[in-house]
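Structure record follows, encoded as structure tokens.
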Amino acid sequence: MTSKEKVAALREEMQKNNVDAFIIYSADPHMSEYLPEEWQERAWLSGFLGSAGFVVVTKDKAGLWTDGRYFTQAATELEGSGIDLFKEGIEGTPHYIDWIISEVPENGKVAVNGLATSHANWELLSQKLSTKNITLIDAPLLKNIWKDRGTPSKNPIFIHPLEWAGVSVADKIAAIRQKMEEQHASVHIISSLDDVAWTLNLRGSDVQSNPVFLGYIVITKNDATLFTDLDKLDVNARKQLDDSFVKMKPYEEFFNYLNIFRNERILISPNSNQSIFEALKAHNQFIQAAVPGNLMKAQKNDAEMEGFRKVMVRDGVAMVKFLYWLTHNAGKEAMNEYSIGEKLRSFRAEGENFVGESFSSIVGYKENGAIIHYSAKSEGSKEVTNDGSILVDSGGQYLEGTTDITRTLALGAVSDEFKRNSTLVLQGMIRLSRVKFPKGTKGVHLDAIARLPLWMEGKDYNHGTGHGVGSFMNVHEGPQNIRKDMNPQELLPGMVCSNEPGYYVEGNYGIRHENLIAVKESEKTDFGTFYEFETLTLCPFFKDTIVKEILSPEETAWLNAYHKTCEEKLSPYLEGEIKEWFLELVSPL
């Protein structure tokens, strides 16, 4: 079926159930950003493949809401679907709930799939819809339309060794119980997949590029139980769980198990799915708060930081070899955006303990670089030659850590305007890399530092400057970030973030420069403790697109020192023509 036909079939289901509007979030029962294939409902219905966005279908209209990363991509992928694009964050775009209220009659009915809807969204919807006496119901209407949605994977669940995890399962559960006690909770439910995997020092591959597996954890004062597909647990994983006194039960038994709880104080994230709340609300009290392990996971321990540093050398060597190949073969041999991404993957695969990509590579040539989260298709992707610019955003999953890096370079002639804008973006990245900030600082306080060079020329970019990154875990990780939006989470030592300002000219080119950075203590002064960033990523920038006059002497010195570090760390693993080319690349500006 086409998207238009799928929407028509959904409307038939809505009519049968007397539903005026149906919301399809981009979510699974664990509120994951990247979804198992069988839960990609929004993508299946609309044809829009971005990681963020949701669809609302009424009796005669349909809309998709997404953010600035995907405006260009969504407009293309929604063509012919009958689904209108609503650009979040743009003046004049209505909030989706306000739009629903304007389209649904009084005493109408709105439906969602409770398993794929967070409790926070449910509560907000219920509250706002009630102003027009509109009822919100749980009705998984796509169940009867999407017949071939697939089944969960049977990929193995394996241990993440203590030498890389840094903290044992028993110690993590003890720390979580301590937090439960502080909040007077008797039961704690963990439903987010990265928190499940981190707590138990286990990894899997149920979600593309994310080393996680489908599962829930329930922790009480005396017991801890994992609900997952037991057939997928290998011998070592079972032993680790047994040794840590963690019980194992089938994934399907989770909701039945919840029925045993009576008069408990249940610590649960409001981002957990609504079905969990429905199963427990009649007989228990909720303590709605962030999962305690989420902040613990964000503050990397010494073993995890050492893992990051090791894989950055490995990843940097792969990137240098790839960039040499790209710059020396573009225009000489046939290649396109998709094949370039595959070639980059092959260079990473040569490295020790490589597991896979941390996300599908974003390779945007010329005007496609302006599509912020562009994904080149295996068929029909743009041919690449030795002309114009190319943006390559990619990353690797290694047993010891996760990488995420973007480099934008000229494969041929580029304009002076491009060089200037590329330098402004690089200047913003350097300024954020160099900053010192007092304890208590939040990401929103630092975001403007990276944007300022662009802002001074009336320019900006429609995405955050930085997201958290996991340790052999999801490449997008909370609770910290660096962006315009207010996030109450302060930046703490051990947190790893991306540093990725950008600039995009639709239909022409895109620029993004990205390194990973880690928060560490800098000094104590009369004004308290100050932090700074350690730059983790090791890969040079291309000097032929840098306008040196724009950079301050301090910024130039930082870049030269960074390139010297790249030389020291990477050159021992390079040889021949690649090494000679690399040494020229890292020579002082």
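Remember, it's a predicted structure, so these values are computed and weren't measured experimentally.
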### Message
Quick test of your reading of the model: are K564 and E567 salt-bridged, counting only N-O distances below 4.0 Å?
### Response
yes
### Message
Given 3.5 Å as the limit, does a donor-acceptor pair link the side chain of N155 with the main chain of S205, or not?
### Response
yes
### Query
Does R309 pair with E306 as a salt bridge, N-O distance under 4.0 Å?
yes
### Query
Is there side-chain contact between K232 and D206, with heavy atoms separated by less than 4.5 Å?
yes
### pair V444-D485: side-chain heavy atoms closer than 4.5 Å
no
### Query
How are the rings of W146 and W44 set relative to one another: parallel (under 30°), tilted (30 to 60°) or perpendicular (over 60°)?
parallel
### Task
State whether the side chain of S51 and the backbone N or O of Y34 hold a donor-acceptor pair below 3.5 Å, judged by distance alone.
no
### Task
Could you grab the distance from atom CG of D67 to atom CD1 of I90, nearest 0.5 Å is fine?
10.0 Å
### Task
Working to the nearest 0.5 Å, report the span between OG1 of T423 and CZ of R420.
8.0 Å
### Close side-chain approach of T545 to T408, heavy-atom, < 4.5 Å
no
### Task
Validate the cation-pi geometry between K87 and F71: distance from NZ or CZ to the six-membered ring centre under 6.0 Å, angle to the ring axis within 45°.
yes
### Side-chain touch N294/K297, heavy atoms, less than 4.5 angstrom
yes
### Task
Return the orientation label for the F533 and F437 ring planes: parallel under 30°, perpendicular over 60°, tilted otherwise.
tilted
### Message
Is it true that E77 and Y70 share a donor-acceptor pair across their side chains at a distance under 3.5 Å?
### Response
no
### Query
Should R314 and Y398 count as side-chain neighbours, where that means a heavy-atom distance under 4.5 Å?
yes
### Message
Counting only heavy atoms from other residues, nucleotides and ligands, does the tally under 6.0 Å from CD of E523 exceed 12?
### Response
yes
### Task
Might you confirm whether atom CD of E163 has over 12 heavy atoms from other residues, nucleotides or ligands at distances under 6.0 Å?
yes
### Task
Indicate whether the side chain of Y504 and that of R512 have a donor and an acceptor atom separated by less than 3.5 Å.
yes
### Task
State whether the side chain of Q397 and the backbone N or O of S209 hold a donor-acceptor pair below 3.5 Å, judged by distance alone.
yes
### Query
Any Lys/Arg nitrogen of E555 or R434 sitting under 4.0 Å from an Asp/Glu carboxylate oxygen of the other?
no
### Query
Does N560 reach the main-chain N or O of L589 with its side chain, forming a donor-acceptor pair under 3.5 Å?
yes
### Query
Hey, does L411 have a side-chain heavy atom less than 4.5 Å from the side chain of T385?
no
### Query
V207 versus H30: any side-chain heavy-atom pair under 4.5 Å?
no
### Query
Do the non-hydrogen side-chain atoms of V363 and K343 ever get within less than 4.5 Å of each other?
no
### Query
Would the number of heavy atoms belonging to other residues, nucleotides or ligands and lying under 6.0 Å from NZ of K310 be above 12?
no
### Task
Give a yes or no on whether the backbone of G150 and the side-chain of E38 come within a donor-acceptor separation of less than 3.5 Å.
no
### Task
May I ask you to decide if V496's main-chain N or O and Q480's side chain share a donor-acceptor pair within less than 3.5 Å?
yes
### Query
H463 vs Y461 aromatic rings, parallel, tilted or perpendicular, using cut-offs 30° and 60°?
tilted
### Query
Have E514 and T406 got a donor and an acceptor in their side chains that come within less than 3.5 Å?
yes
### Query
What is the distance from atom NZ of K6 to atom CD of E41, rounded to the nearest 0.5 Å?
12.0 Å
## Note on the structure
For L49 and R42 the tightest heavy-atom approach is C-NH2, 3.8 Å
### Task
Without swapping roles, check the side chain of D28 against the backbone of S32 for a donor-acceptor pair under 3.5 Å.
yes
#### Entry: Pair F418 and Y503, ring centroids less than 6.0 Å apart
no
### Message
Taking CD in E554 as the centre, count heavy atoms belonging to other residues, nucleotides or ligands within less than 6.0 Å. Is the count above 12?
### Response
yes
### Message
Can you confirm whether F542 is buried at CZ, in the sense that more than 12 heavy atoms of other residues, nucleotides or ligands lie under 6.0 Å from that atom?
### Response
yes
#### Entry: NZ/K377: more than 12 non-hydrogen atoms of other groups inside 6.0 Å
yes
#### Entry: Qualifying side-chain hydrogen bond (donor to acceptor under 3.5 Å, both in side chains) pairs, either residue in residues 579-589, two or more places apart
K543-S587
### Query
Measuring from C539:SG to F582:CZ, what's the distance to the nearest 0.5 Å?
8.5 Å
### Message
How about CD on E506, more than 12 heavy atoms from neighbouring residues, nucleotides or ligands closer than 6.0 Å, or not?
### Response
no
#### Entry: Candidates N210, D404, T402 - the one meeting side-chain contact (heavy atoms from CB on, under 4.5 Å) with F359
D404
### Message
Could you check whether any side-chain N or O of S339 sits under 3.5 Å from a backbone N or O of N336, counting only pairs where one atom can act as donor and the other as acceptor?
### Response
yes
### Task
Taking all heavy atoms of H328 and all of Y324, pick out the closest pair and write down the distance.
ND1-O, 2.9 Å
### Message
Between T537 and M319, does the side-chain contact (heavy atoms from CB on, under 4.5 Å) criterion hold? Intermediate values first, please.
### Response
CA-CA 11 Å; T537 304; M319 281 296 300; over 6 Å; no
### Query
Can a donor-acceptor pair be found between the side chains of H513 and S422 at a distance below 3.5 Å?
yes
### Message
I need the minimum non-hydrogen distance between R203 and S471, along with the two atoms involved.
### Response
NH2-O, 3.3 Å
### Query
Do side-chain atoms of T327 reach the backbone of L323 as a donor and acceptor pair under 3.5 angstrom?
yes
### Query
Looking at CZ of F48 and OG of S26, how far apart are the two atoms once the value is rounded to the nearest 0.5 Å?
8.5 Å
### Query
With distance as the sole criterion, is a donor-acceptor pair present between the side chains of Y374 and N368 under 3.5 Å?
yes
### I340 and W325: CA distance, side-chain angles, deciding distance, side-chain contact (heavy atoms from CB on, under 4.5 Å) verdict
CA-CA 10 Å; I340 288 171; W325 168 84; 4.3 Å; yes
### Query
Do side-chain atoms of N329 reach the backbone of K332 as a donor and acceptor pair under 3.5 angstrom?
no
### Of all pairs that satisfy side-chain hydrogen bond (donor to acceptor under 3.5 Å, both in side chains), the ones with a partner from residues 348-359, not counting sequence neighbours
D315-R348, R348-S394, N353-E400, E357-S361
### Message
Please tell me whether R407 and N515 have a donor and an acceptor in their side chains that are separated by less than 3.5 angstrom.
### Response
yes
### Message
Could you go through E33 and N474, starting from their C-alpha distance and side-chain angles, then the distance that decides it, and tell me whether this counts as side-chain contact (heavy atoms from CB on, under 4.5 Å)?
### Response
CA-CA 9 Å; E33 178 185 14; N474 297 358; over 6 Å; no
### Task
Check the pair V519 / Q299 against side-chain contact (heavy atoms from CB on, under 4.5 Å), numbers first and verdict last.
CA-CA 9 Å; V519 182; Q299 290 185 264; over 6 Å; no
#### Entry: From NZ (K548) to CG (L551), nearest 0.5 Å
9.0 Å
### Neighbour count above 12 (heavy atom, 6.0 Å) for K569 NZ
no
